[in-house]
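Step one of this worksheet: look at the structure below.
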Amino acid sequence: MIGVTRRILGMTFLSSLAMTIFPGLAFAGPPTKCRTLGQTTTYNGKLFTCVKAKSKGKTILAWDSGKIIPTPSPSATQSPTPSPSPTPTKTPERIIVNKIDIPIAKSSEVPNNSTSSFTAKNRYGNITSYFIVRGPEGLIGMNATCTHSGCTVKQASEGLLCPCHSALFDPNNGAVLRGPASYPLDRVPVREENGTIYLTD
């Protein structure tokens with residue numbers, strides 16, 4: 001019994017010594033198990049592929065001998081490419097369009113305690129609708145663009161109505177009577193001179 005134990009210990013020692021002196025004899029495959037055909041893994045600088053192999057007359061999955069993964073050779077030293085200096089961006093010039101006096105209506109077209117609708121070209125040359133109110137406070141000018149989504153507000157029996165989302169504004173001062181608008185109609189400076197009503201827009 002003692003002789004057998006000594007023989008096993010001796011063989012283990014000799015195999016360890018052989019692997020140390022001749023590392024090529026040691027198993028060089030990946031430690032992970034090969035489970036599916038075509039599976040790949042890298043180990044010790046090699047790429048291993050799971051292939052079919054014969055063992056004791058049976059077909060098994062095993063790692064092939066592996067292909068050495070080439071390491072890129074250091075490229076010749078290149079002088080750093082100078083980064084292009086940023087081109088100064090030109091700040092676009094701000095175009096200021098001065099407000100203009102627009103003769104919008106004759107005084108007789110806006111009687112007392114009434115709201116009238118007119119269209120005219122604004123300072124940008126766009127056709128715009130306006131309301132002129134003549135009430136106890138005198139003349140009030142309002143832009144007829146809805147403050148909710150920019151549709152043109154129209155006069156209706158219930159007030160100044162936006163046709164897009166039914167927002168309703170007070171015909172006397174442009175205040176919001178019903179949403180979804182949150183803000184009153186924009187006021188526009190208005191004056192009356194020599195029988196003509198002028199808006200400044």
Run the side chain to side chain contact (heavy atoms under 4.5 Å, CB included) check on Gln39 and Phe48 step by step: do they pass? CA-CA 8 Å; Gln39 175 187 350; Phe48 293 87; over 6 Å; no
Worked verdict on Lys67 versus Lys46 for side chain to side chain contact (heavy atoms under 4.5 Å, CB included): CA-CA 5 Å; Lys67 291 180 185 175; Lys46 285 186 175 183; over 6 Å; no
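- Separating the CZ atom in Arg134 from the OG atom in Ser114 is a distance of 7.5 Å, to the nearest 0.5 Å.
- For the atom pair CD (Glu158) and CG (Asp170), the distance works out to 12.0 Å, reported to the nearest 0.5 Å.
- The side-chain heavy atoms of Arg178 and Leu161, taken from C-beta on, include a pair separated by under 4.5 Å.
- At least one side-chain heavy atom of Ile132 sits less than 4.5 Å from a side-chain heavy atom of Val190.
- Interatomic distance, NZ of Lys154 versus CZ of Phe131, reported as 8.0 Å (0.5 Å rounding).
- Contact of the Ser182 side chain with the His148 side chain is not registered, since no non-hydrogen atoms from C-beta on lie closer than 4.5 Å.
- For Ile127, the CD1 atom is densely surrounded, since the number of other residues' heavy atoms within 6.0 Å is greater than 12.
- Asn172 contributes atom CG, which lies 9.0 Å from atom CD of Glu137 (distance to the nearest 0.5 angstrom).
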Between Thr115 and Gln155, is a side chain to side chain contact (heavy atoms under 4.5 Å, CB included) present by the stated rule, with each step listed? CA-CA 9 Å; Thr115 301; Gln155 285 181 288; 3.9 Å; yes
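- Across Thr196, Thr200, Asp101, a single residue satisfies side chain to side chain donor-acceptor pair (under 3.5 Å) together with Arg191, and that is Asp101.
- Between Asp186 and Met142 there is no side-chain heavy-atom pair separated by less than 4.5 Å.
- With a 4.5 Å cut-off on side-chain heavy atoms, Phe169 and Val153 count as touching.
- How far CD of Glu192 is from CD1 of Ile197: 5.0 Å, rounded to the nearest 0.5 Å.
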Evaluate side chain to side chain donor-acceptor pair (under 3.5 Å) for Asn126 paired with Thr128, printing each intermediate quantity in order. CA-CA 6 Å; Asn126 301 324; Thr128 307; 6.0 Å; no
Stepwise side chain to side chain contact (heavy atoms under 4.5 Å, CB included) test for Ser149 and His165: CA-CA 8 Å; Ser149 61; His165 302 100; 3.3 Å; yes
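- With rounding to the nearest 0.5 Å, the separation of CD1 in Ile102 from CG in Leu199 is 6.0 Å.
- Side-chain atoms of Ile104 and Tyr130, non-hydrogen and from C-beta on, do get closer than 4.5 Å to each other.
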